[in-house]
There are 4 protein chains.
Amino acid sequence: MAQPPATRPNASRRSERSRRAILAAALDLVGEVGYARLSIEGIAARAGVGKQTIYRWWPSKGAVLFDAILALSEDAEGRPAALPDSGDLEADLKQVMRATIEELSDPRFDEPLRALTAERMHDPVLAADHAERLDEPMTEIKKERLRSAQRAGQLPEDLDLDLAVELIWGPLLNRWLLRSGPLTPGYADALVEAVLRGLRP
Amino acid sequence: MAQPPATRPNASRRSERSRRAILAAALDLVGEVGYARLSIEGIAARAGVGKQTIYRWWPSKGAVLFDAILALSEDAEGRPAALPDSGDLEADLKQVMRATIEELSDPRFDEPLRALTAERMHDPVLAADHAERLDEPMTEIKKERLRSAQRAGQLPEDLDLDLAVELIWGPLLNRWLLRSGPLTPGYADALVEAVLRGLRP
Amino acid sequence: MAQPPATRPNASRRSERSRRAILAAALDLVGEVGYARLSIEGIAARAGVGKQTIYRWWPSKGAVLFDAILALSEDAEGRPAALPDSGDLEADLKQVMRATIEELSDPRFDEPLRALTAERMHDPVLAADHAERLDEPMTEIKKERLRSAQRAGQLPEDLDLDLAVELIWGPLLNRWLLRSGPLTPGYADALVEAVLRGLRP
Amino acid sequence: MAQPPATRPNASRRSERSRRAILAAALDLVGEVGYARLSIEGIAARAGVGKQTIYRWWPSKGAVLFDAILALSEDAEGRPAALPDSGDLEADLKQVMRATIEELSDPRFDEPLRALTAERMHDPVLAADHAERLDEPMTEIKKERLRSAQRAGQLPEDLDLDLAVELIWGPLLNRWLLRSGPLTPGYADALVEAVLRGLRP
DNA sequence: GTATAATCGAGACGGTACGTCCCGTCTTAGT
DNA sequence: ACTAAGACGGGACGTACCGTCTCGATTATAC
């Protein structure tokens, strides 16, 4: 719940202390017992908070966890506003993909991210929220790097950037979600190479 | 869900009547209330069956639903053992992709498939079962078509077929699962064209 | 409920407006939902008042209701300082009993009085308060009428007046509280006759 | 819930073990924390029983407690089917009243009985249940003793027995419930004497 | 006439209990 | 042997209130 006015009914009297405790408890617990056995009751107890305080500000455990993850990534990094741009698109993408793979292999991210992604598949409201607050900024960052490559003549001017982003990251996400294969640096490289071969002018 | 439902030799005393009623009830209910609020208790009541009869034969509601979907797709089609092979890989793939999109847009398939996919993301046991009984046969069928294209010289001999399958179907699955864009015939065509451009020798 | 509401000298800053609204809301609500589901939260909301304003001046919902009933009976009558005294004790008592029965049948009094009486059965503090502010004045009034009868030679000089009051009003109260029989004018008469037969010299 | 078919939906599969544990826990707890802080949740926990098992068989904590008290008095005595009958009505009644006073002074009975009586004042359903299962048998026993006195010529033939019972026991119950005076053997005697004086032919 | 402090409405907070839904196990009767 | 039925101990749900606790925003004396 980073952006104040969007989701908070009346942020004025809200207890920052409780908010932090809830997000922390949610992350802790999802790591300990998994998403399926994560419960609002449990989060409240761990956070030393009344259940109502959670229900007042979040509609579901999925929403709590989403905010927790968002807060986590905001704390961890300082919002990396852009992908690396060394001039060499292929090298840059490989680097990014390898980093993504590493992140997805970190159990601190894997469990909660996986849970969140499962949740949004069912719940269109949650899905819209995630799309707006997570996917769109990320996609924009990726498209920005591709635009830079277009300017450098490494990609055709008329390329459908949304499609391109999907071509690059879609297979990776799929392999991660469905565990349909190992996530190795070699896979990252092979994927980038194969896709770029098709995209280049 | 233990035995492949086609031949169940030693399930001597098992009531076929109840089995069908359970699978039908599961499909009905998942369509009515969604996967999250689907319950074994509810399935039993709808099927006019004791709860124990479900627990005796399936380990979880996910397993019931999986069998239900398997039975559904078996009834619907007659197991298409191969992808179309007209000699024109691009045309064939476009046709298959368009058909897939149509299937995924059918609410009779959408909800339960989505639920199933979400479930397997958490549960590695379920995931392995799905991989074995659903993904592997499907992937083999797809790879077979690509092999045929290799023989026809439309794809390089040393192509990594598993990667190729992921490149083609991964983005589509992703768009469907995450609702990150509309599933249109045009999208199918653009996807196939872009990927094949990269794969061709 | 601290100060007798008639004279409240030092409640300097207290809002008379809120006090009235609270008592009125309490009476309204107890009539609508009954005592068990009456809540301070509900009274505050109905009265358009902060919860704290209630907690500041009353210790419990029972105390609020007690004041509300007291205020009600003060408004309704002008404090009848004495029972009727026509010289005929039996006739006077019958009249009073019939009036009491009528009052107890009025739903405006029945529910809240019943609630109050139930409450004081548990809570000795409340009970003492009620005894002091409600019962003792009433009992004194009743005993006064009996004393007059003693002076007129209709009752023995050495009669235990407290016991006599209990003998007359006890059965009536019991029948009302426990609903152990219908409250009719005939019952009032029979009761008075039977008791007086035993009390007379 | 002593009488099987009256209150049990389907007594066949009911766990006698749980039933006993629940009634015992209810009595224990009401003694420890009082009726107001007695909770179904608490009873269930103390009895080592699921809450649903209580809700399945009783509609409210008041109903549980009523059964608990009924069971208690059934265990304690062997159903005293009649009041003592020595031929001397006054002596017999004094003895009974003194015994009643003693029982009402026993905290093992006082708290729960008081709570129950308060509860039935609000809840007409509970009230009817109590009237049927507790009051009516008791009243019948009392009336039987009075009928015997009628036969012995100690009471008039045309006496309204229901009224007589109320005259004798009503004041006592009232004094107990409202704590409007001390419950002493002397009070019992005075009460019986005064009432009988009025009832005798 | 202004300052100033008690009181006000509003409502968030940590809690307890509610009554309900299901879980997965179990027992009973019926076929 | 398997079934329909459903009671059982248990966990969590989402809601209602509890009594306490800030928040500004009035008021209504006492300066």
Side-chain angles (χ1 to χ4, degrees), chain A residues 8-19 21 36-45 47-57 59-61, chain B residues 11-15 17-19 21 36-45 47-57 59-61, chain C residues 11-19 21 37-45 47-57 59-61, chain D residues 8-19 21 36-45 47-57 59-61:
Chain A
R8 290 189 213 164
N10 174 8
S12 53
R13 296 212 212 303
R14 181 164 185 185
S15 159
E16 183 62 16
R17 202 177 186 294
S18 297
R19 196 186 128 266
R37 294 166 50 193
L38 179 68
S39 67
I40 300 247
E41 197 127 334
I43 297 172
V49 136
K51 282 201 290 177
Q52 200 59 42
T53 301
I54 299 184
Y55 284 110
R56 212 181 333 261
W57 304 108
S60 66
K61 68 172 177 175
Chain B
S12 43
R13 308 285 212 147
R14 179 165 185 184
S15 159
R17 198 177 188 295
S18 296
R19 196 186 130 267
R37 291 165 56 193
L38 179 68
S39 68
I40 298 229
E41 199 126 332
I43 297 172
V49 135
K51 285 201 292 175
Q52 199 59 259
T53 301
I54 299 183
Y55 282 109
R56 215 187 323 271
W57 303 107
S60 67
K61 68 171 177 177
Chain C
S12 44
R13 309 287 212 145
R14 179 165 185 184
S15 159
E16 183 62 15
R17 200 177 187 295
S18 297
R19 195 186 130 267
R37 291 164 59 193
L38 177 69
S39 69
I40 298 230
E41 199 125 333
I43 297 172
V49 135
K51 285 202 290 176
Q52 200 58 260
T53 301
I54 299 184
Y55 282 110
R56 214 187 323 269
W57 302 106
S60 67
K61 68 172 175 175
Chain D
R8 292 189 210 161
N10 173 7
S12 54
R13 297 211 212 304
R14 180 163 184 187
S15 159
E16 183 62 16
R17 201 178 188 294
S18 297
R19 197 187 127 266
R37 305 193 6 217
L38 178 68
S39 68
I40 299 246
E41 197 125 337
I43 297 172
V49 135
K51 282 202 289 177
Q52 199 59 42
T53 300
I54 299 184
Y55 283 110
R56 204 172 351 250
W57 303 107
S60 66
K61 67 173 177 175

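Protein chains get the first letters and strands the later ones, always in sequence-line order, with residue 1 at the start of each.
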Nearest heavy-atom neighbours spanning [X] and [Y]:
X	Y	result
A/I40	A/S60	CD1-C, 4.1 Å
B/I54	B/A44	CD1-N, 3.7 Å
B/S39	B/G42	OG-N, 2.9 Å
D/A21	D/A47	O-CB, 3.6 Å
D/L38	D/K61	O-NZ, 3.0 Å

Between B/A44 and D/G50, just flag the one whose closest nucleotide in DNA chain F comes earlier from the 5' side.
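On the 5' side of the pair lies B/A44.
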By nearest heavy atom, map C/L38 and D/G48 onto DNA chain F; which one lands nearer the 5' end?
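Final value for this comparison: D/G48.
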Rounded interatomic separation in angstrom, taking [atom1] from [X] and [atom2] from [N]:
X	N	atom1	atom2	result
D/R17	F/dA7	CZ	C1'	14 Å
C/Y55	E/dG11	OH	C1'	13 Å
A/I40	F/dC13	CD1	P	6 Å
A/E16	F/dC21	CD	P	22 Å
A/R19	E/dG14	CZ	P	14 Å
B/I43	E/dC23	CD1	C1'	13 Å
B/E41	F/dA5	CD	P	13 Å
C/R37	E/dG19	CZ	P	11 Å

For the base of E/dG19, is there a side-chain donor-acceptor partner from D/K51 under 3.5 Å away?
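Per atom types, the contact qualifies.
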Would D/R19 pass as a cation-pi partner of D/W57, given that its NZ or CZ must be under 6.0 Å from the six-membered ring centre and within 45 degrees of the axis?
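No, D/R19 does not sit over the ring of D/W57.
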At under 4.0 Å, does any side-chain N or O of [X] touch on OP1 or OP2 of [N]?
X	N	answer
D/T53	F/dG9	yes
C/R56	E/dT7	no
D/W57	F/dC8	yes
C/S18	E/dG9	yes

Base, sugar-phosphate, or nothing: which does B/G42 touch, judged by heavy atoms less than 4.0 Å apart?
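B/G42: no heavy atom of the nucleic acid under 4.0 Å.
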Using five pairs at each end of the helix from E/dG1-F/dC31 to E/dT31-F/dA1 to define an axis, what is the angle between those two axes, to 10°?
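The angle separating the two end axes equals 10°.
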By nearest nucleotide on DNA chain E, pick out whichever of D/Q52 and B/K61 is the more 5' one.
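Comparing both residues, the 5'-ward one is D/Q52.
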Do D/T53 and D/R56 make a side-chain contact, defined as non-hydrogen atoms from C-beta onward lying under 4.5 Å apart?
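In short, these two side chains touch, coming nearer than 4.5 Å.
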